[in-house]
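Sequence lines set the chain letters: A, B, ... in the order given, protein chains first and strands last, and positions in each chain run from 1.
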Amino acid sequence: MPELPEVETVANGVHARVAGQRIARVWTSGKPQTFKTPESEIAQALTGSTIECVRRVGKTIVMTVHRKKTPVEFLIHLGMTGRLLVSQADVPMQLHTHAILTLADGREVRFVDPRRFGRLSIHKPPAVTGGQQPAASYTGPGREPLTISADDFIALFRNRKTPIKAALLNQSLLHGVGNIYADESLFRAGIRPRRQAGRLTAEELLRLRKALVAVLRHAIKLGGSSVSDYVDADGVRGFFQLQHKVYMRGGEPCLVCETPIKRITLAGRGTHFCPNCQQ
DNA sequence: ACTATGTCCTGCGAGC
DNA sequence: TGCTCGCAGGACATAG
């Protein structure tokens, strides 16, 4: 499932291929739950506009386009099985394609999502009160794991009774962390997923932050984790799944101490940890 | 204000 | 071999 490293990989890949291109046409599938903003509004906002940049905020891909200097942000959330692909027009359209942006040079940006947990929407900048024109800027629901300071990171979890893993998955605290990187960072920090977030010591939280940043950076370098059907903008798989220490390794020996990895359900999610290495 | 749980959706793999 | 069934999970709604 696409989390921060996968979304970052896709956003960078799409940016490199389409920045500066004009969007000539927009097609949408009519599957209502995919569109948080009505399809007609999305099509109207994008048709004839020029793509300025494509970047990642949390788990969301933000495509900034402009027309007559008015910026609009197109938000693409990949959900669990969403793909954003840049294709030549003659590549056959695959099943579960929900949106196609046809570029002026004939190539297409395609959003494909079998399970339909993905969402497309338009983010409008807040209303302007003064004379100046603020740039549209989607900031996401929480803080960025890669740039948050140590003090702010510790403060996020203060007084929280929820398990640390559930807190890591809460996008209004940190955004971008999902099930894989929550499990992997807790393993690398030696912390049990069920520990109450508010009861972790500052030292443990610093270890967790360090582990989380390291695992996210490493995964970005390897193009993300390809579990389920994740691929980048060119349809190429990532390699970080080969570095998973606990995720989906229930019953297999811990790579550090050989204790069998335990699998439990926490916050409705499969949760994997080493009962010896994680206390 | 927090926290916990159910729901959506399809593909895949286990098991009979 | 071919079928059914349960599971995978991010975000959001709803309940406690």
Side-chain angles (χ1 to χ4, degrees), chain A residues 1-11 29-37 56-62 75-84 93-99 111-123 138-145 155-186 193-200 216 219 224-231 237-238 240-241 244 246-252 261-273:
Chain A
M1 55 260 35
E3 304 179 26
L4 187 153
E6 293 77 32
V7 178
E8 174 107 3
T9 302
V10 173
S29 65
K31 289 276 187 243
Q33 61 272 62
T34 299
F35 304 93
K36 262 167 90 176
T37 301
R56 176 197 63 78
V57 175
K59 292 180 198 168
T60 301
I61 297 168
V62 182
L75 306 187
I76 301 129
H77 195 294
L78 300 176
M80 199 175 153
T81 55
R83 298 179 173 195
L84 196 66
M93 185 173 106
Q94 50 182 304
L95 197 63
H96 307 300
T97 299
H98 298 298
F111 176 67
V112 182
D113 182 19
R115 216 160 292 184
R116 283 193 269 153
F117 278 21
R119 295 289 180 267
L120 303 179
S121 62
I122 297 291
H123 177 257
Y138 175 75
T139 55
R143 305 288 303 274
E144 275 295 329
L156 279 184
F157 301 103
R158 200 164 287 152
N159 296 327
R160 297 207 175 259
K161 296 198 169 119
T162 198
I164 182 63
K165 165 141 181 199
L168 283 174
L169 294 176
N170 181 345
Q171 302 295 296
S172 62
L173 300 176
L174 289 172
H175 58 203
V177 181
N179 208 33
I180 298 173
Y181 299 101
D183 279 5
E184 292 296 318
S185 60
L186 286 168
R194 277 216 227 262
R195 293 274 305 281
Q196 240 182 66
R199 292 206 172 162
L200 293 179
L216 292 172
S225 299
S226 283
V227 299
S228 182
D229 53 359
Y230 164 75
V231 291
R237 290 166 60 82
F240 193 72
Q241 67 278 8
H244 294 171
V246 288
Y247 181 72
M248 288 299 237
R249 294 195 62 247
E252 294 173 41
I261 298 299
K262 218 171 163 184
R263 184 196 181 281
I264 60 173
T265 298
L266 197 162
R269 301 287 168 263
T271 297
H272 317 78
F273 67 98

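- No hydrogens or angles were tested; on distance alone, nothing pairs the side chain of A:Arg119 with the base of C:dA11 as donor and acceptor under 3.5 Å.
- Listed candidates were B:dT3, C:dA11, C:dC7. Nearest to the side chain of A:Thr162 is B:dT3.
- If you take CZ of A:Arg83 and P of B:dT10, they are 16 Å apart, rounded to a whole angstrom.
- Contact check, A:Tyr181 against C:dG9: no side-chain N or O comes under 4.0 Å of OP1 or OP2.
- Looking at heavy-atom distances under 4.0 Å, A:Gly270 makes contact with sugar-phosphate atoms alone, never a base.
- Salt bridge present: A:Asp183 and A:Lys165 bring a charged side-chain N and a carboxylate O closer than 4.0 Å.
- In this structure, A:Phe117 places its CZ atom 15 Å from P of C:dC7, rounding to the nearest Å.
- Between the CE atom of A:Met80 and the C1' atom of C:dC7 there is a distance of 9 Å, given to the nearest Å.
- An OP1 or OP2 oxygen of B:dC8 is reached within less than 4.0 angstrom by no side-chain nitrogen or oxygen of A:Arg115.
- For the side-chain contact (heavy atoms from CB on, under 4.5 Å) criterion with A:His272, the lone passing option out of A:Arg249, A:Lys262, A:Met248 is A:Met248.
- Separating the CG atom in A:Leu156 from the CZ atom in A:Arg158 is a distance of 9.5 Å, to the nearest 0.5 Å.
- Between A:His98 and A:Phe111, the ring-plane angle classifies as tilted under the 30° and 60° cut-offs.
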Notebook entry, point to check: Can you check side-chain contact (heavy atoms from CB on, under 4.5 Å) on A:Ile76 and A:Thr60, steps first, answer last?
Noted result: CA-CA 6 Å; A:Ile76 301 129; A:Thr60 301; 5.9 Å; no
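- Between A:Gln33 and B:dC8, a side-chain N or O to OP1/OP2 separation shorter than 4.0 Å is absent.
- Helix-axis bend for the helix from B:dC2-C:dG16 to B:dC16-C:dG2: the local axis fitted to the five terminal pairs at one end deviates from that at the other end by 40°, rounded to 10°.
- The separation between A:His77 atom NE2 and B:dC9 atom C1' is 15 Å, rounded to whole Å.
- Taking side-chain N and O atoms only, A:His96 has no distance below 4.0 Å to OP1 or OP2 of B:dC9.
- In terms of heavy-atom proximity, A:Val7 sits nearest to A:Pro2 at CG2-CB, 4.1 Å.
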Next item on the list: Given side-chain contact (heavy atoms from CB on, under 4.5 Å), test A:Arg194 with A:Leu266 step by step and report yes or no.
Entry: CA-CA 8 Å; A:Arg194 277 216 227 262; A:Leu266 197 162; 3.5 Å; yes
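- Listed pair A:Thr81 / B:dT10 fails the phosphate criterion, with no side-chain N or O lying under 4.0 Å from OP1 or OP2.
- DNA chain B is contacted by both A:Arg116 and A:Asn159; A:Asn159 maps to the nucleotide lying nearer its 5′ end (nearest heavy atom per residue).
- If you take CG of A:Leu266 and P of B:dT3, they are 13 Å apart, rounded to a whole angstrom.
- Counting only heavy atoms from C-beta on, A:Pro114 has its side chain closest to B:dT10 among B:dT10, C:dG10, C:dA8.
- Between the P atom of C:dC12 and the CG atom of A:Asn170 lies a distance of 11 Å, rounded to the nearest Å.
- Rounded to whole Å, the distance from NZ on A:Lys36 to P on C:dA13 is 9 Å.
- Using a 3.5 Å distance cut-off with no hydrogens or angles, the side chains of A:Glu184 and A:His244 do not pair a donor with an acceptor.
- At the phosphate of C:dA11, OP1 or OP2 sits under 4.0 Å from a side-chain N or O atom of A:Lys59.
- Separating the CG atom of A:Leu174 from the P atom of C:dG10 is a distance of 15 Å, rounded to the nearest angstrom.
- Not one side-chain nitrogen or oxygen of A:Lys161 sits closer than 4.0 Å to the OP1 or OP2 atom of B:dA4.
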